[in-house]
Amino acid sequence: MNQAAVADVWRAGCIIRASFLDRVRDSFTAHPDLPGLLAHPSFARELGAAQLPWRLVVSHATRDGVPVPAMAAALAHYDAPRAPRLPAALMHAQRDFFGAHTYRRNDRPGTFHARWDLDRSEELRG
C-alpha cells in the first residue's frame, strides 16, 4: 500500500487538513519502505519526548473514571512494538490459567504449568 497516497486521500475531503498530513505524506514519500510512522526518526523522537505526559493523562483519566479509549489504545499501540514478547507471554499465561495448556520460558528449557489455584508455583511438564 502506498502510505503517502493514503495521506493525500485523507487530505481530500477530510477535516484533517492539517500540516501533519503533509509530514505523513513526506515521510512515506522519502522512505517508501517505512513500516510505520513510529519507525520514522522524527516521529519516534517526538512521541518519545511526549510519552510521560501522555501516560500521565491516560493514568489520571483512568483513575478518575474518565474514558479515554482512543488515547489509551494509541498508547498501547505505541508500547506494543517495544515489548515484542509481552503480548504472546500474556496470551500463553491466560491459556495456561484457563486450560492448563502450559508454556515455555526463555530462561530455562522445558514446558511448564503454573499452579494458579494454589501457591502459583511452577511444575515442569516436559
Side-chain angles (χ1 to χ4, degrees):
M1 183 180 328
N2 182 339
Q3 300 287 357
V6 171
D8 276 337
V9 168
W10 271 92
R11 290 199 58 154
C14 180
I15 60 171
I16 306 174
R17 294 179 185 253
S19 61
F20 175 74
L21 287 175
D22 289 336
R23 288 185 58 204
V24 171
R25 183 199 58 226
D26 295 346
S27 296
F28 284 117
T29 299
H31 307 281
D33 294 334
L34 195 66
L37 288 176
L38 295 178
H40 190 278
S42 69
F43 284 98
R45 193 171 35 255
E46 288 176 41
L47 286 170
Q51 74 170 301
L52 180 59
W54 188 5
R55 291 179 191 289
L56 289 172
V57 168
V58 170
S59 65
H60 287 293
T62 303
R63 181 196 64 209
D64 294 340
V66 177
V68 288
M71 279 185 109
L75 183 57
H77 178 74
Y78 174 71
D79 285 337
R82 296 177 309 123
R85 289 192 339 244
L86 182 61
L90 180 59
M91 179 188 68
H92 289 290
Q94 289 172 333
R95 290 184 67 225
D96 187 58
F97 178 82
F98 290 109
H101 291 282
T102 70
Y103 53 91
R104 294 188 184 273
R105 295 180 49 146
N106 293 2
D107 58 342
R108 56 185 174 178
T111 302
F112 297 85
H113 167 67
R115 298 170 48 152
W116 299 100
D117 57 339
L118 301 171
D119 60 1
R120 293 190 170 92
S121 62
E122 292 179 315
E123 316 176 334
L124 183 60
R125 291 267 178 106

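Just so you know, these numbers come straight off a predicted model, no measurement behind them.
Nearest approach of Leu38 to Ala44, heavy atoms of both residues: O-CB, 3.5 Å. Closest approach of Met71 to Trp54, counting heavy atoms only: O-NE1, 3.5 Å. For the pair Ser27 and Leu34, the tightest heavy-atom approach, listed with the atom from each and the gap, is O-CD2, 4.4 Å. Among all heavy-atom pairs drawn from Leu124 and Gly110, the shortest one is CD1-CA, 3.9 Å. The minimum heavy-atom distance linking Asp96 with Trp116 is given by the pair OD2-NE1, 2.7 Å. The nearest pair of heavy atoms linking Tyr78 to Leu47 is CE1-CB, 3.8 Å.
Going from atom CG of Leu37 over to atom NE2 of His31 covers 11.0 Å, rounded to the nearest 0.5 Å.
With contacts defined as side-chain heavy-atom distances shorter than 4.5 Å, the pair Thr102/Phe112 does not qualify. Counting only heavy atoms from C-beta outward, the side chains of His40 and Asp26 never approach each other to under 4.5 Å.
Remark: the backbone N or O of Ser121 is paired with a side-chain donor or acceptor of Asp119 at under 3.5 angstrom.
The residue from Arg105, Arg115, His113 that alone fulfils the side-chain hydrogen bond (donor to acceptor under 3.5 Å, both in side chains) condition with Glu122 is Arg105.
Annotation: His77, atom NE2; neighbour count of heavy atoms from other residues, nucleotides and ligands within 6.0 Å does not exceed 12.
Taking the ring centre of Phe43 as origin, the terminal cationic atom of Arg23 falls inside the region bounded by 6.0 Å and 45° from the ring axis.
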